[in-house]
Amino acid sequence: MQAGFSFIDWFIFIAYLIILLFLASYLSNKNINSSREFFTAKNSFAALPVALSLLATAQSAATFLGAPEFSYRYDLTLLGYSITSLLAIYIVVKVLIPKLYEMKAISVYELLQERFGGNSRRDVGIMFLVGRLFASGARLYMAALALSMILFYDISLVHVSFSVILLTLGALIFTYFGGIKSIIISDILQIIVYLGAGIAVVIYLYLSLAMDFNQIFQTLSEAQKLKYIDFELGFTNEGKFNIFSLLTGYILLNIAAFGLDQDLAQRVLSCKDKKQAGFSLYGATLLSIPVSILFLSIGLLLFLYYQEHTISQKFAGESITIFMYYILNEMPNGLKGFVTIGAIAAALSSTNSVLGAMSSVAIEDIYKPYKIKHKNNIDETHFVKTAKTFVLIFAFLLSLMAILSFIIHSNSSIPLISFALGVMAYAYSGLLGVFASALFTNRGNSKLIPYALFIGFASVFCMQGYTFGLNIGFAWQLVIGTTLSFGVMQLGKK
């Protein structure tokens, strides 16, 4: 059994941190003069860098460890998620993106203000901020937990807190000093590191097996691990991806993630025009397919590697994925350091993204409308300074949420993390219902939005196993929640 980091692992880790500091210093910009420049880089990006940034942001430490776990336990049907997401992207590109670029929007929620008036963008913005605080705070906790296991070979409060702070600072330096331009460029480095780590693991695992490619293929086929489409209709929450759920609930999930969630939408709104924005979305989705294959391959190779061994996927009482077990117990020195910075790269991309997105919503959808309403002729530099202040505030709150998640989860049986990781998805059902009403009907008004958001959130929450014991698949929860939220919006006239 391995124990913590070796000298070469620490060397790789520290070298990576030094590179991050130099890159952050290089990308810092003290001459940002408007909130539009801070949040959208004055719409200066072409499709490719934004596509790579979207790809990096859509990954996370949970994905880094979770995709191999899925193929290790099941098969390749997770690929369907990336493939069917192209249908969702088509809808976002054809319906939503042209409207946002016509409005010259900084926040996706500006569309609701134009359609419904009142406090529409404020109410939806608050829902986004609350959901993102819980969801991204919990994701930060999960990444810090994994980092603490690898670096220190324990999950003490001190080491997990250190890991939380390290990850937060790593994300903060890009967001605070350079805005969205710094984030997008740094994401290109992160996705290179992330993919490099995945490729290195696949090569090492392949060379570790006493099997050639034909033997590997035959063994996996006999074990039914190469199935990539599941035609079995199922409504339970087993974590699988059948074709029926992929074409319903998971398409809704991708519409919400790429079109209605400011976390990813902010990058799309940084493109030069709607055509480049569309290309960036299609590019990120197409690139996600080989990335999924890469990390699913790790799980398949681990399945073969551990066929002859009985293992317990536990660490200090915590359940861990098969990939984490391999990193902690089998991975050689040097490769462990490289894989660690790969996991950090995934965590940084998702964290710097959410800091920028939360700040943009706080400024553009809540603070700026209020400030302009009560005072005219406010200099744009005021909003830039306030945006940076909000970045610091949200960095603190996300870190606090991550540490609180660790403390609560360590001392109770409450499934806080399962809830927190899904909070943003619970918010999606309300967002989908409200946006569907805005885009496809003439009904609904600003007074109904809070109720529609609440019904969408509450309905999905009530369908969780830890509330009323129901066993309904997540995709179907999203379909039901979206339908109910949409129904509430249809109760009122424009």
Side-chain angles (χ1 to χ4, degrees), residues 1-6 8-9 12 59-79 142-143 145-151 153 155 193-228 230 238-241 289-346:
M1 177 177 289
Q2 301 290 323
F5 257 26
S6 67
I8 185 63
D9 294 319
I12 293 171
Q59 309 300 313
S60 68
T63 309
F64 189 80
L65 299 169
E69 180 72 9
F70 185 88
S71 56
Y72 175 81
R73 289 180 176 272
Y74 304 116
D75 45 40
L76 298 178
T77 49
L78 178 60
L79 275 176
M142 299 298 284
L145 196 68
L147 185 59
S148 180
M149 289 179 189
I150 299 171
L151 289 181
Y153 214 72
I155 49 174
V193 172
Y194 177 80
L195 294 178
I199 292 169
V201 172
V202 167
I203 293 172
Y204 182 80
L205 274 171
Y206 178 77
L207 296 175
S208 299
L209 297 174
M211 307 170 72
D212 60 28
F213 182 80
N214 290 331
Q215 290 174 308
I216 290 174
F217 184 84
Q218 182 178 352
T219 304
L220 292 174
S221 296
E222 291 172 353
Q224 297 184 342
K225 305 294 287 184
L226 300 181
K227 182 173 71 173
Y228 56 91
D230 184 356
E238 296 178 347
K240 295 184 178 181
F241 296 83
I289 297 173
V291 172
S292 295
I293 292 173
L294 174 65
F295 284 92
L296 289 171
S297 297
I298 293 175
L300 295 179
L301 293 173
L302 287 173
F303 171 79
L304 297 173
Y305 185 86
Y306 285 115
Q307 268 196 311
E308 305 299 326
H309 304 276
T310 301
I311 60 174
S312 174
Q313 291 177 231
K314 293 284 184 181
F315 181 91
E318 291 282 343
S319 295
I320 59 176
T321 68
I322 190 63
F323 192 21
M324 176 58 73
Y325 179 90
Y326 179 76
I327 293 170
L328 294 173
N329 297 285
E330 309 282 354
M331 190 164 283
N333 296 334
L335 183 57
K336 181 183 288 188
F338 191 27
V339 168
T340 301
I341 66 172
I344 292 174

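Numbers here are sequence positions counted from 1. None of the values given here were measured: they were computed from a predicted structure.
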Residues 298-305 side chain polar contacts: donor-acceptor under 3.5 Å, at least two apart:
residue	atom	partner	partner atom	Å
Y305	OH	E330	OE1	3.4

Return all side-chain donor-acceptor pairs below 3.5 angstrom for residues 337-346, not counting sequence neighbours, or 'none' if the list is empty.
residue	atom	partner	partner atom	Å
T340	OG1	K336	O	2.7

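Applying the side-chain contact (heavy atoms from CB on, under 4.5 Å) criterion to I203, with sequence neighbours excluded, gives I199, L207. Remark: Q215 pairs with M211, D212 by the side-chain contact (heavy atoms from CB on, under 4.5 Å) rule, at least two apart or across chains. For Q59, the side-chain hydrogen bond (donor to acceptor under 3.5 Å, both in side chains) criterion is met by Y194, not counting sequence neighbours. Every residue two or more places apart in sequence or in another chain was checked for a ring pair (Phe, Tyr, Trp, His ring centres under 6.0 Å) with Y204, and none qualifies.
No side-chain heavy atom of F241 sits less than 4.5 Å from a side-chain heavy atom of L79. D75 is not listed as a side-chain neighbour of Y228, based on a closest heavy-atom distance of 4.5 Å or more. A 4.5 Å side-chain heavy-atom check between T219 and Q307 finds at least one atom pair inside the cut-off. A 4.5 Å side-chain heavy-atom check between V201 and M331 finds at least one atom pair inside the cut-off. Contact annotation: the side chain of L328 approaches that of I320 to within less than 4.5 Å [non-hydrogen atoms, C-beta and beyond].
The backbone N or O of Y74 sits less than 3.5 Å from a side-chain atom of K225, completing a donor-acceptor pair.
Across I155 and S148, no two heavy atoms sit closer than the pair CA-OG, 3.8 Å. P68 approaches I322 most closely through the heavy-atom pair O-CG2, 4.2 Å. Between I12 and G334, the shortest heavy-atom distance links the atoms CD1-O, 3.3 Å. Minimum heavy-atom separation, S297 to I293: OG-O, 2.6 Å. When all heavy atoms are compared, the tightest approach of A146 to L65 is CB-CD1, 4.1 Å.
Applying the ring-ring contact (aromatic ring centres under 6.0 Å, His included) test between F295 and each of F64, Y72, F70, F323 identifies F64 as the sole match.
Here the CG-CD1 distance, from N333 to I8, works out to 9.0 Å after rounding to the nearest 0.5 Å. With rounding to the nearest 0.5 angstrom, the CG atom of L296 is 11.0 Å from the CG atom of L226.
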